[in-house]
Amino acid sequence: MDIGGSYDARFERVRDAFERNFTEREDVGACFAATLEGEYVVDIWGGHQDAGRTRPWAEDTIVNVFSTTKTMTFMAALMLADRGQLNLDAPVADYWPEFGANGKEGVLVKHLLAHSAGVPGFSRHFSVAEHYDWALSCADLAGQAPWWPPGTQSGYHAITQGYLIGEVVRRITGSSFGAFFKAEVADVVGADFHIGTGPGHFDRIAEMIPAAETAPIMEMDPDSIPGRVFSNVDVIDAVNTVGWRQAEIPAANGHGNARSVVRAQTAMANGGRAFGKELLSAAGCRTALTEQTNGIDAVLGIHVRYGMGYSTGSDEISMGPNPNILWWGGAGGSTIVIDTDAHLCFSYVMNQMDNYILGDPRGTSLGEALYECL
């Protein structure tokens, strides 16, 4: 097949694994990129932007990456903490007073990052349009009582985490999260990644193609914690709409590609520096590895170990051979892995969704090939 881009000759196995995702795992359009010691060693793409296979995936094609977007909020919080503007151990209410209502005065900023704040969903079903209303969404979260004692366990804050971290960022900086990320990360390192994507980019956004079957987690008892969380994820049906693209939903609607995800996150693999710019200190980067929770996630139903935002891996889900790895992924299969030991950062982004909760075989096969080459 026709694969665009380039790769260092020693990473030919990655190119072969990428092709197998199309021939054996039904990829439609995808891209993969990796930096090593801050320099790109792989940047490839292939396939098509649409289910009808009429538009080839191009170098500048971007697509919604769902929860891979969350890693941009983690980086933003760590940057503010590194600058002394945010205390990760402080109550959220110190920055967002209204959030301290209904027993949440003890919720700490680090609980927001570790999915342990106890507000993984909204108080009622939100329509897709209501998700686009930042003030409404934040007011609902601020008014809730926690679903469990904050800090005692993790429960994946699938959509709400972006509003929670994003509102803290807004209260500190006065900027919406999308504007802060653009000014402080994307524009600084040249990352073609957008949270709130303008019409000027619409003609190069690939179509997200839904999985063939409904994910089992979407059919949970509606009264259970997972059921209450995922009763709101009909937002997936809106992913190809103008409203979704232009809204700021920092947990789920970032648009980019593997190259731009890696460009934004490479600093985390290299002591805070990337492409000639310093985003945060080496100590600030190490903060991400500080374990916050380690156990069965009350929403995902699997064992997850969370650092400061990023997952730090577990025996069940290992994204690489080294101990100090940060990673996360998005609904459908996109991933970002940051190996702070090897100074390696890599991402897989695609438009054909699948139903693996974490560790999609397409992305993990590329990561395995990359490590084999190393």
Side-chain angles (χ1 to χ4, degrees), residues 1-5 7 11-35 41-51 53 56-59 61-71 205-217 236 239 252 254-262 265 300 302 311 313 316-321 325-339 344-374:
M1 63 175 290
D2 185 17
I3 295 176
Y7 55 91
F11 294 101
E12 188 169 357
R13 288 185 187 179
V14 177
R15 186 260 180 219
D16 294 342
F18 185 74
E19 184 170 9
R20 285 195 297 274
N21 280 341
F22 289 86
T23 59
E24 300 176 11
R25 299 188 178 96
E26 302 181 344
D27 251 341
V28 174
C31 47
F32 181 80
T35 58
V41 292
V42 182
D43 181 10
I44 54 178
W45 59 86
H48 293 84
Q49 298 184 43
D50 60 323
R53 292 172 167 80
W57 193 287
E59 181 177 3
T61 297
I62 59 174
V63 70
N64 189 90
V65 300
F66 284 112
S67 288
T68 295
T69 313
K70 287 182 172 71
T71 61
I205 296 178
E207 171 193 6
M208 286 300 288
I209 305 167
E213 300 178 355
T214 301
I217 200 167
I236 290 177
V239 67
H255 284 71
N257 50 38
R259 181 190 316 108
S260 62
V261 171
V262 165
Q265 293 288 328
L300 299 177
I302 58 177
S311 173
E316 291 84 352
I317 306 173
S318 174
M319 301 303 284
I325 287 178
L326 305 166
W327 76 280
W328 198 243
S334 66
T335 55
I336 172 65
V337 177
I338 301 156
D339 186 330
L344 177 70
C345 182
F346 59 93
S347 174
Y348 163 74
V349 169
M350 75 306 130
N351 65 345
Q352 174 61 67
M353 299 181 68
D354 210 332
N355 282 330
Y356 294 91
I357 294 177
L358 293 173
D360 187 292
R362 295 168 294 176
T364 56
S365 69
L366 289 163
E368 288 167 0
L370 188 68
Y371 278 110
E372 287 171 6
C373 294
L374 290 175

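Everything quoted here is computed from the prediction, not taken from an experiment.
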Residues which pass side chain to side chain contact (heavy atoms under 4.5 Å, CB included) with [X], listed by chain and number, not counting sequence neighbours:
| X | result |
| --- | --- |
| R20 | D16, A17, T23, E24 |
| P56 | none |
| T35 | Y40, V262, T266, F275, C345 |

Provide the full list of salt bridge (charged side-chain N to carboxylate O under 4.0 Å, His left out) pairs with a residue in residues 327-337, sequence neighbours left out, each pair given once.
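Non-adjacent pairs meeting salt bridge (charged side-chain N to carboxylate O under 4.0 Å, His left out): zero.
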
Indicate yes or no for a side-chain donor-acceptor contact from N351 to the backbone of I209 under 3.5 Å, with no hydrogens or angles considered.
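No, because the side chain of N351 does not come within donor-acceptor range (under 3.5 Å) of the backbone of I209.
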
Between the side chain of E19 and the main-chain N/O of M1, is any donor-acceptor distance below 3.5 Å?
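Yes, because the side chain of E19 sits within donor-acceptor range (under 3.5 Å) of the backbone of M1.
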
Check side-chain hydrogen bond (donor to acceptor under 3.5 Å, both in side chains) between [X] and all other residues, then give those that pass, not counting sequence neighbours.
| X | answer |
| --- | --- |
| Q49 | R55, T61 |
| D43 | R259 |
| S67 | K70, Y156 |
| S334 | T68 |

[X]: what forms a salt bridge (charged side-chain N to carboxylate O under 4.0 Å, His left out) with it, not counting sequence neighbours?
| X | value |
| --- | --- |
| D27 | R362 |
| E12 | none |
| R13 | E372 |

Quick one: CG on L326 to CD1 on I336, what's the gap to the nearest 0.5 Å?
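That separation rounds to 10.0 Å.
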
W328 side, atom CH2; F66 side, atom CZ - distance, nearest 0.5 Å
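CZ of F66 is found 15.5 Å from CH2 of W328.
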
Quick one: does [X]'s side chain get under 4.5 Å of [Y]'s, heavy atoms only?
| X | Y | result |
| --- | --- | --- |
| M350 | M208 | yes |
| V337 | I325 | yes |
| L366 | V14 | yes |

Distance only, no hydrogens: is a donor on one side chain within 3.5 Å (strictly under) of an acceptor on the other, for D339 and Y371?
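Their side chains do contain a donor-acceptor pair, which is all the 3.5 Å distance test asks for.
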
Could you walk me through whether L374 and F11 pass side chain to side chain contact (heavy atoms under 4.5 Å, CB included), step by step?
CA-CA 8 Å; L374 290 175; F11 294 101; 3.9 Å; yes

Begin with the C-alpha distance, continue with both residues' side-chain angles, and end with the deciding distance and a verdict on side chain to side chain contact (heavy atoms under 4.5 Å, CB included) for S365 and R25.
CA-CA 11 Å; S365 69; R25 299 188 178 96; 3.5 Å; yes

Partners of F22 by ring pair (Phe, Tyr, Trp, His ring centres under 6.0 Å), sequence neighbours excluded?
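Once residues adjacent in sequence are excluded, the partners of F22 under the ring pair (Phe, Tyr, Trp, His ring centres under 6.0 Å) criterion are F18.
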
